Every structure is written in structure tokens, then in C-alpha cells.
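Everything numeric in this text was worked out from a predicted model, so none of it was measured. Here is how names work: the chains are called A, B, and so on, in the same order as the sequence lines, proteins then strands, and each is numbered from 1.
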4 protein chains.
Amino acid sequence: MFDPTVDLKEQMVEHRRTQILLGAAKVFAEKGYHKATTKEIAQAAGVSEGTIYNYFDNKRELLLAMIELLALQSLKSIINTQPPADPKEFITIILRDRYQLAQERGYLIMPILAEMFTDAELRQEVYQKLAMPVAGFLERYIQTHIDSGMFRPVNPVIATRVFIGSIVVNFAMKLANLDARYEDISPDALIEELASLFMDMLLNPERANEK
Amino acid sequence: MFDPTVDLKEQMVEHRRTQILLGAAKVFAEKGYHKATTKEIAQAAGVSEGTIYNYFDNKRELLLAMIELLALQSLKSIINTQPPADPKEFITIILRDRYQLAQERGYLIMPILAEMFTDAELRQEVYQKLAMPVAGFLERYIQTHIDSGMFRPVNPVIATRVFIGSIVVNFAMKLANLDARYEDISPDALIEELASLFMDMLLNPERANEK
Amino acid sequence: MFDPTVDLKEQMVEHRRTQILLGAAKVFAEKGYHKATTKEIAQAAGVSEGTIYNYFDNKRELLLAMIELLALQSLKSIINTQPPADPKEFITIILRDRYQLAQERGYLIMPILAEMFTDAELRQEVYQKLAMPVAGFLERYIQTHIDSGMFRPVNPVIATRVFIGSIVVNFAMKLANLDARYEDISPDALIEELASLFMDMLLNPERANEK
Amino acid sequence: MFDPTVDLKEQMVEHRRTQILLGAAKVFAEKGYHKATTKEIAQAAGVSEGTIYNYFDNKRELLLAMIELLALQSLKSIINTQPPADPKEFITIILRDRYQLAQERGYLIMPILAEMFTDAELRQEVYQKLAMPVAGFLERYIQTHIDSGMFRPVNPVIATRVFIGSIVVNFAMKLANLDARYEDISPDALIEELASLFMDMLLNPERANEK
DNA sequence: TATGAATGAGATTTCATTCAT
DNA sequence: TATGAATGAAATCTCATTCAT
């Protein structure tokens with residue numbers, strides 16, 4: 001039996017969840033998870049405190065649900081890209097994409113990162129859902145190019161984390177206003193420099209001559 | 001006039017502060033800053049709750065004081081080292097030293113890192129006191145070797161953050177048991193791989209021939 | 001648009017505020033402001049501790065709100081009275097009214113008076129809201145009768161405070177069981193004696209002959 | 001056996017008590033009894049916290065002891081005065097004396113008065129030791145003059161409290177900066193007005209002619 | 001289902017008092 | 001006797017969660 005009201009209902013529930021989640025994200029970003037109160041979240045989401053508990057078991061579930069939300073947005077862009085043949089060009093595309101994501105959604109990820117350091121379960125969750133999909137994609141890309149002889153025989157797992165750590169720290173520096181010298185580096189210049197460094201790190205010098 | 005009791009008293013005060021700080025560090029590491037209660041901290045430190053407030057103005061000061069404690073321990077080893085002539089050897093020494101620090105004092109830094117994402121003032125504090133001293137040292141080292149022609153003309157500020165980001169993420173992976181594949185990589189192998197990657201990234205290929 | 005629920009809600013809020021305020025008054029009267037705990041106040045008001053803070057920002061606001069409550073009750077009776085022509089009769093009415101107020105609401109004013117000696121802001125508040133309305137009324141009354149020649153040309157500001165000080169101290173003596181001799185003076189006798197004293201103080205002897 | 005050291009010791013003990021008491025008075029006056037901490041009192045008195053407890057059982061004893069101190073200073077001047085024959089002159093002397101006392105030692109009496117409203121035992125203590133000696137003296141003075149026919153046959157107990165209440169409230173107004181109009185009344189003018197009011201209240205009009 | 005007032009456990013912090021030196 | 005560090009009970013206030021409407 002086909003019951004269209006079920007779908008409609010599900011849609012409405014999903015819509016409410018997202019509405020609450022976005023309210024929570026806003027407040028988490030401003031105050032951090034612990035200092036955000038459910039009252040503030042309710043206000044930001046435009047619902048009452050009680051309603052939050054109709055859609056989420058407790059405050060922590062809001063944080064966990066935000067991971068899924070982020071994962072969705074984080075992967076959408078990166079995975080579907082058809083990699084260009086030139087690795088530097090590809091890395092530049094990825095850097096641009098991640099920089100944009102950091103700029104637009106950085107506030108969403110900050111409270112999650114903060115809690116990761118304390119909460120082992122959350123750590124697992126974030127690693128599985130947010131980090132691994134991207135990391136795995138990069139690992140495979142590196143491995144492929146090692147096999148083809150274009151990249152040096154580096155450890156792709158480690159090299160991927162070098163890549164991730166480098167961009168996380170550098171983009172954080174650029175966006176957090178902690179070091180005045182980053183103000184003099186344009187986003188494009190930063191991306192170009194990082195891409196160059198990675199290329200020098202990865203490209204097989206023997207093959208480079210062929211080019 | 002020489003008054004030895006002043007020194008003695010100061011020593012005792014310092015000792016008590018450290019005792020309380022270590023208790024706080026223990027509980028912060030286990031539960032995170034926000035979920036750590038002053039009652040637990042007092043227990044862990046072996047003092048009463050009231051005593052904490054004879055040495056620190058409030059709970060947050062415990063976190064701030066931990067930064068100083070860490071900064072002291074963090075810098076002691078790295079700065080006083082007389083860099084060997086071979087850059088790879090030098091970087092390996094640094095990596096080994098940081099790995100040991102991460103292993104031994106990682107638990108101290110986790111709650112601080114967590115709060116950094118929420119607390120802008122703490123962010124500044126950590127950057128000034130913990131990050132910059134090490135980063136500045138590396139920046140100067142890189143600059144010197146660029147000037148001598150041994151390193152490529154990279155941006156030393158960015159390259160330093162690549163370095164820091166890479167080791168933070170890789171050491172975190174190794175120590176946090178998040179990815180099973182890191183169990184198969186020995187600390188030495190990890191350090192060797194990272195050193196190699198950095199060398200490839202930094203060494204001037206033209207000068208490399210001279211060697 | 002007419003929305004009767006707004007009024008209803010406001011009424012309920014007002015009712016709860018009063019309920020809590022009366023609980024606080026009870027405990028303040030018994031123990032004084034500082035020794036009264038929010039736990040006791042909550043019990044006396046029949047609500048939980050948390051509920052107090054849904055209606056008042058902090059403990060001190062309870063004290064401040066009590067001033068308004070008192071001011072309302074204190075003024076209601078005195079101002080609306082149409083003064084009789086005979087001053088002694090009028091003063092007797094006022095004394096009776098104040099005596100009754102002291103008897104019935106004295107416990108409300110004691111903790112406020114106590115805090116006045118410490119808290120400059122409260123002092124201002126009480127003077128503006130409690131003392132001045134009554135004092136101003138008396139001052140004007142005295143001035144009018146000076147102008148008409150019935151009262152001597154006394155300073156009405158000072159005379160009013162003589163009046164107020166006299167009845168505060170005498171009624172306090174009568175009600176506080178501090179001096180056994182006041183037990184032998186009936187309220188009516190006390191009021192009559194005070195009225196006589198004030199009349200002797202204020203009446204113009206030259207006009208008195210006319211009578 | 002005569003032992004001069006006992007006296008010396010007692011003197012030193014008395015001196016220390018007074019030293020501590022004056023420190024307490026200072027802090028009580030600034031912050032009120034409840035907000036004054038023993039640490040502050042110790043500092044103000046120039047002793048350690050522990051030492052306070054060698055001379056007083058607890059914080060409250062400091063307040064009780066201050067009553068004795070005040071009683072001593074309060075009575076010294078008033079009782080030993082040989083009353084002049086003219087009542088107005090006498091009352092003026094008393095008013096001047098009390099005004100000076102209020103100015104100089106008002107800060108000592110404020111915290112005591114504050115606690116009186118809460119603490120029944122203190123109320124008794126203050127009434128017996130501070131109020132009654134002065135009140136009794138006035139009562140006897142009034143009674144004597146009633147007997148001699150110079151004063152009306154007023155109730156001396158009540159009239160005395162009228163007197164006390166009047167000067168307490170008026171002097172408080174003058175000294176507390178609560179009412180701007182008191183700034184325009186000089187102390188002498190205030191005393192003169194009060195003396196006149198009391199004379200009108202008390203003097204027997206029949207005898208007044210004799211004068 | 002939505003509301004938001006009520007709850008009360010629990011957190012931080014203060015401070016009078018004690019007591020070993 | 002003087003000290004002042006240590007104590008820990010107790011106080012105020014917050015806030016996630018519940019539940020009657």
C-alpha cells in the first residue's frame with residue numbers, strides 16, 4: 001500500500017530536525033558546546049526547549065547529528081570531481097575547495113573538533129564519518145600515482161595526514177587571525193605555495209625530467 | 001640581609017601549585033575541562049577544594065597555568081639543542097623529541113587544545129606561549145638554510161606550519177588509536193618517513209647534486 | 001486584537017512573583033537577609049530553588065522587589081485619605097494607620113531597614129520609594145497649615161523627620177518588647193500621647209486662643 | 001602578693017583586643033558585618049587571622065565587643081555634663097554633642113544598628129548598654145522638670161523616644177546625603193530648629209510667661 | 001505535537017574557624 | 001603567643017531535562 005502521508009511526515013520531521021540543528025550549530029559556534037544552553041539553541045532555532053527533546057534525545061545528540069550534516073556537505077564537492085591529469089592542478093582544486101569549505105562552514109566544525117579532544121566516542125565518529133572518506137580518497141589517489149611512477153614511493157597513509165595536517169593548520173592560521181603575517185598572504189598565494197610544497201614532496205624527480 | 005625562609009616558602013608555594021596543577025591535568029585529561037569538577041581536582045591533587053582557591057583564582061586559571069607548565073617543558077629540550085649540520089639529522093632529532101613529548105605530556109595538552117576552539121583568549125595565549133616559540137625557531141632555521149642555498153626558496157612561515165600540522169596529525173593518529181593501520185607503523189618508521197618527506201619538500205635539488 | 005491569554009499569563013506570573021516574595025519576606029524576617037538561604041526561601045514559598053530564578057535575577061532582587069510591595073501597601077492607605085479639618089484628628093488617623101501597618105507589615109520592613117545601613121543603593125531606593133512619598137505628603141500638609149497660620153513657622157522638612165523618627169522609634173519600642181514599660185502603655189494611649197506632643201510642637205499658640 | 005606582671009599582661013591583652021576591635025570596626029563600617037571577612041579584619045588590625053581567635057571566640061563577638069567600646073565613648077561626654085539651668089541651652093548642648101558623636105563615630109554604630117534588626121540578642125544588648133543609659137538620663141531630666149512645673153506633664157518615656165527618634169533621623173538625613181535639601185541646612189541651624197521644636201513641645205506655656 | 005514553567009542536582013566559589021609549627 | 005595554610009560546609013546560581021497543558 002502506498003501511503004504518501006508517510007513521506008510527507010518524514011519530510012516534515014527531517015525539516016524540523018535540520019531547523020533545530022542549524023540553531024544549535026549557530027549557538028555552538030558562538031559559545032562552544034558546553035557554554036551553549038538549550039534555551040539559546042531553542043531561540044536560535046525558533047522552537048521551544050521542549051521541542052528539541054522531541055527530535056533529539058539530549059544535547060549531545062545535537063553534536064553527533066551535526067557530524068552527519070557536515071559529512072554530507074564536506075564530501076559532496078570533493079568526491080564527485082573528476083580529477084584532472086596534472087596532479088598539481090588537482091591538488092590546487094582540492095585546496096581551493098577545502099579553503100572555501102573552511103571559510104563557509106568552519107564555524108560548524110569548530111565545536112566538534114573541540115569536543116573530539118575530550119570525547120573518545122565522538123573522536124571515532126568524526127574520524128569515521130568526516131575524516132576517513134576524504135582521507136581514503138586521497139590515499140587512493142596517491143597510491144595510484146605511485147604505481148604509475150609519477151609519485152615517489154611514499155607511504156600514502158602518512159603522506160595523506162601530512163597533507164591534511166598542513167592544510168588544517170595553515171587554513172586555521174589564515175582564518176583565525178592569530179598571526180599577523182598571514183594577513184599579507186592572499187588565499188591564492190597560500191594555496192599556490194602549499195601546492196608547490198606538496199608537489200616537491202611527492203613528485204618523482206626522475207619522472208619530472210620526462211615532462 | 002639574607003633570608004633563607006623566603007626561598008623556602010616560595011618553594012613550598014611552588015610545590016603546592018604544581019601538585020594542584022598535576023591533579024587538575026589528570027582530571028582534565030580524563031574528562032575534559034568542563035566536565036572536570038573542582039571536587040575531583042581536589043581529590044586528584046590530594047588537597048581540599050578550598051586549597052585550590054588559595055593558589056588559583058578560579059578554575060580557568062588552572063588551565064592557563066597548565067600552558068606555562070607545558071611551555072616550559074616543551075621548549076627546554078628543543079631550543080637548547082645545538083643543531084647538527086645535516087638537516088635531516090636535525091629534523092629527525094626534533095621529530096623524536098616531539099614524539100616523546102606527545103607521548104609523555106600529550107594528556108596535558110589535549111584539554112588545552114579543546115578549549116582553544118572555543119576560547120579566543122586561550123587561543124592567543126597558546127599561540128604566543130606554546131606555538132610561537134617553537135615555530136619561530138623553525139622559521140629561523142629554514143630561513144637560514146634558504147639563505148645558504150641548501151633549502152629551496154619556500155615561504156618559511158607556511159613551511160613551518162606544514163611541518164607542525166604534519167607532525168601533530170600524524171602523532172595524534174599514532175597515539176590516539178583511531179586508525180588501525182598506524183599500529184603497523186613503528187614510531188621510528190613514522191619519524192623516518194616524515195623526515196624524508198620534509199627533506200624532499202625542502203632540499204634544493206640543485207645543491208643536492210653537490211653532495 | 002484582544003488576547004485574553006496575555007492577561008491571564010501576566011496574572012499568573014504576578015501571582016508567582018508574589019508567592020515567592022512572601023516566602024522570602026518570611027525567611028528574611030526570621031533570619032535577616034544574609035542568613036536567609038535560597039533553599040529556605042524556596043521552601044517557604046512552596047517552590048523549588050530554580051523557580052526563584054525564573055522570576056528574580058538574584059537574591060538581592062527579592063529585597064528590592066519587597067520595597068515595591070511595601071511601598072504599594074504603605075501608600076495606599078495614607079494618600080487617599082481626605083484629611084479632616086482638625087489637625088490633631090488627622091495626625092491621630094495617620095498614627096493609627098502607621099501603627100497598624102507596623103504591626104501587620106513590620107516584619108517586611110525590618111530586613112530592608114537592616115540592609116539600608118550597609119547598602120547605599122538600597123538606601124537610595126528605600127528613601128525614594130518608601131520614605132519620600134509619605135514624607136512629601138506630610139511636608140506639604142505642614143506647609144499648608146503654616147501658610148494658613150494654624151502651625152508655627154517651623155521648617156517642614158525637619159519637622160516631618162521629627163514626626164517620622166518619633167513614631168518609628170516609639171512604635172518599634174512598643175512592638176519589639178525591648179522595654180517593659182511600654183507594655184503598660186496601650187496603643188491608643190501611645191498614639192494619643194504622640195498626637196498631643198506633635199500638636200504642642202506645631203500649633204501656633206496665638207491661633208490656639210481663637211479656638 | 002603583688003605581681004606587677006599580671007597588670008602588664010592584662011594591659012597588653014587589652015591593647016591587642018582594642019587593636020583588633022578597631023580593625024574590625026573599620027571593615028564593618030566599610031562593608032557591613034556580613035560582607036566583612038576575617039581576613040580583611042586581620043589585615044586592617046595588623047594581625048593574622050588566627051590571632052583574632054585568641055582574643056575573640058568568633059566573628060560575632062567582635063560586634064558585641066564593639067557595643068561596649070561605643071557605650072564607653074557615647075556616655076563619657078553626656079553624663080558628666082553639669083546641666084545648665086536653661087533647658088533649651090541644655091538640649092542644645094546635648095544635640096551638639098550627639099551631632100559630633102554621629103559625625104565622628106557614626107561609622108561605628110551603623111553595622112551594629114544594621115544587625116539589630118535581625119538579631120534579637122544584639123537588640124537587647126544595644127538597648128541595655130547603648131540606648132538605656134542615655135535614655136534614662138533624659139527621662140530623669142524631663143521628669144525633674146515636670147515636677148518643677150517647667151515642663152508639661154508629658155510621658156517622659158515616650159517624650160524621650162520622640163527626642164531620640166527625631167535626632168537619629170534628622171542627623172542621619174544630614175549625614176547620609178540622601179536628601180539634597182539637608183545640604184542647605186547648616187548643622188547649627190538644624191540643631192537650633194530641633195531645640196526650638198522640643199522646647200515648644202515640652203515647655204509649660206503657663207510657666208513660660210513667668211520667664 | 002509544541003510549549004515553557006518547574007525542577008533539583010550539581011557546579012563553582014567563599015570564608016569562618018582550626019591547628020601544626 | 002602568633003601565624004596563615006588548610007579545611008570543608010554551605011551558599012548562590014545554572015541549566016539539561018521533564019511533563020502537564
Would you please name every residue forming a salt bridge (Lys or Arg N to Asp or Glu O under 4.0 Å) with C:R60, sequence neighbours left out?
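Partners of C:R60 under the salt bridge (Lys or Arg N to Asp or Glu O under 4.0 Å) test: C:D119, C:E121.
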
Sequence-distant partners of C:E14, salt bridge (Lys or Arg N to Asp or Glu O under 4.0 Å), two or more places apart
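Listed in chain order: nothing, the list is empty.
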
For [X] and [N], give me the distance from atom [atom1] to atom [atom2], rounded to whole Å.
{"X": "B:N58", "N": "E:dC15", "atom1": "CG", "atom2": "C1'", "result": "17 Å"}
{"X": "D:Q11", "N": "F:dT1", "atom1": "CD", "atom2": "P", "result": "17 Å"}
{"X": "A:Y33", "N": "F:dC15", "atom1": "OH", "atom2": "P", "result": "13 Å"}
{"X": "D:E40", "N": "E:dT14", "atom1": "CD", "atom2": "P", "result": "12 Å"}
{"X": "D:K39", "N": "F:dT3", "atom1": "NZ", "atom2": "P", "result": "14 Å"}
{"X": "A:I20", "N": "E:dT1", "atom1": "CD1", "atom2": "P", "result": "12 Å"}
{"X": "A:D57", "N": "F:dT17", "atom1": "CG", "atom2": "P", "result": "9 Å"}
{"X": "B:K9", "N": "E:dT21", "atom1": "NZ", "atom2": "P", "result": "16 Å"}

Qualifying residues under side chain to side chain donor-acceptor pair (under 3.5 Å), relative to D:T18, sequence neighbours excluded:
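Side chain to side chain donor-acceptor pair (under 3.5 Å) check on D:T18 returns nothing, list empty.
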
Could you pull out all residues at least two apart from B:Y127 that satisfy side chain to side chain donor-acceptor pair (under 3.5 Å)?
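Counting only residues at least two positions away or on another chain, B:Y127 forms a side chain to side chain donor-acceptor pair (under 3.5 Å) with A:D179, B:R161.
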
Distance test, side-chain N/O of B:Y53 to OP1/OP2 of E:dT14, below 4.0 Å
no

Output yes when at least one side-chain N/O atom of C:Y55 is less than 4.0 Å from OP1 or OP2 of E:dA5, else no.
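For E:dA5, OP1/OP2 do not have a side-chain N/O of C:Y55 under 4.0 Å.
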
May I have all residue pairs that pass salt bridge (charged side-chain N to carboxylate O under 4.0 Å, His left out) and include part of residues 35-55 of chain A, sequence neighbours excluded?
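Listed by first then second residue: A:K31-A:E40.
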
Enumerate, in order of first residue number, the stems that involve DNA chain E, defined as 3 or more consecutive Watson-Crick or G-U wobble pairs with both distances under 3.5 Å.
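Stems (3+ consecutive pairs) listed as E:2-21 with F:2-21.
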
Check nucleotides 7-11 of chain F against the protein and report each pair of N or O atoms closer than 3.5 Å, with its distance, or say if there are none.
unit_1, atom_1, unit_2, atom_2, d
F:dT7, OP2, B:S48, N, 3.0
F:dT7, OP2, B:S48, OG, 3.2
F:dT7, OP2, B:T51, OG1, 2.6
F:dT7, O5', B:S48, OG, 3.4
F:dG8, N7, B:G50, N, 3.3

Name the atoms and distances for all side-chain donor-acceptor pairs under 3.5 Å in residues 61-72 of chain A, with sequence neighbours left out.
unit_1, atom_1, unit_2, atom_2, d
A:E68, OE2, A:K129, NZ, 2.7

side-chain contact (heavy atoms from CB on, under 4.5 Å) involving D:E30 - partner list, sequence neighbours excluded
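D:E30: side-chain contact (heavy atoms from CB on, under 4.5 Å) contacts with D:K26.
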
Under a 4.0 Å heavy-atom cutoff, the residues of residues 108-126 of chain A touching DNA chain F are none

Can you give the donor-acceptor pairs under 3.5 Å from side chains of residues 110-117 of chain C to other protein atoms, not counting sequence neighbours?
unit_1, atom_1, unit_2, atom_2, d
C:E115, OE1, C:H34, NE2, 3.2
C:E115, OE2, C:H34, NE2, 3.2

Minimal non-hydrogen separation, B:A29 against B:Y107, with atom names
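Reported closest heavy-atom pair: CB-O, 3.5 Å.
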
Listing request: all ring pair (Phe, Tyr, Trp, His ring centres under 6.0 Å) pairs with a residue in residues 39-68 of chain C, at least two apart in sequence or in separate chains.
none

Taking side chain as C-beta onward, heavy atoms only, is B:N54 less than 4.5 Å from B:V47?
no

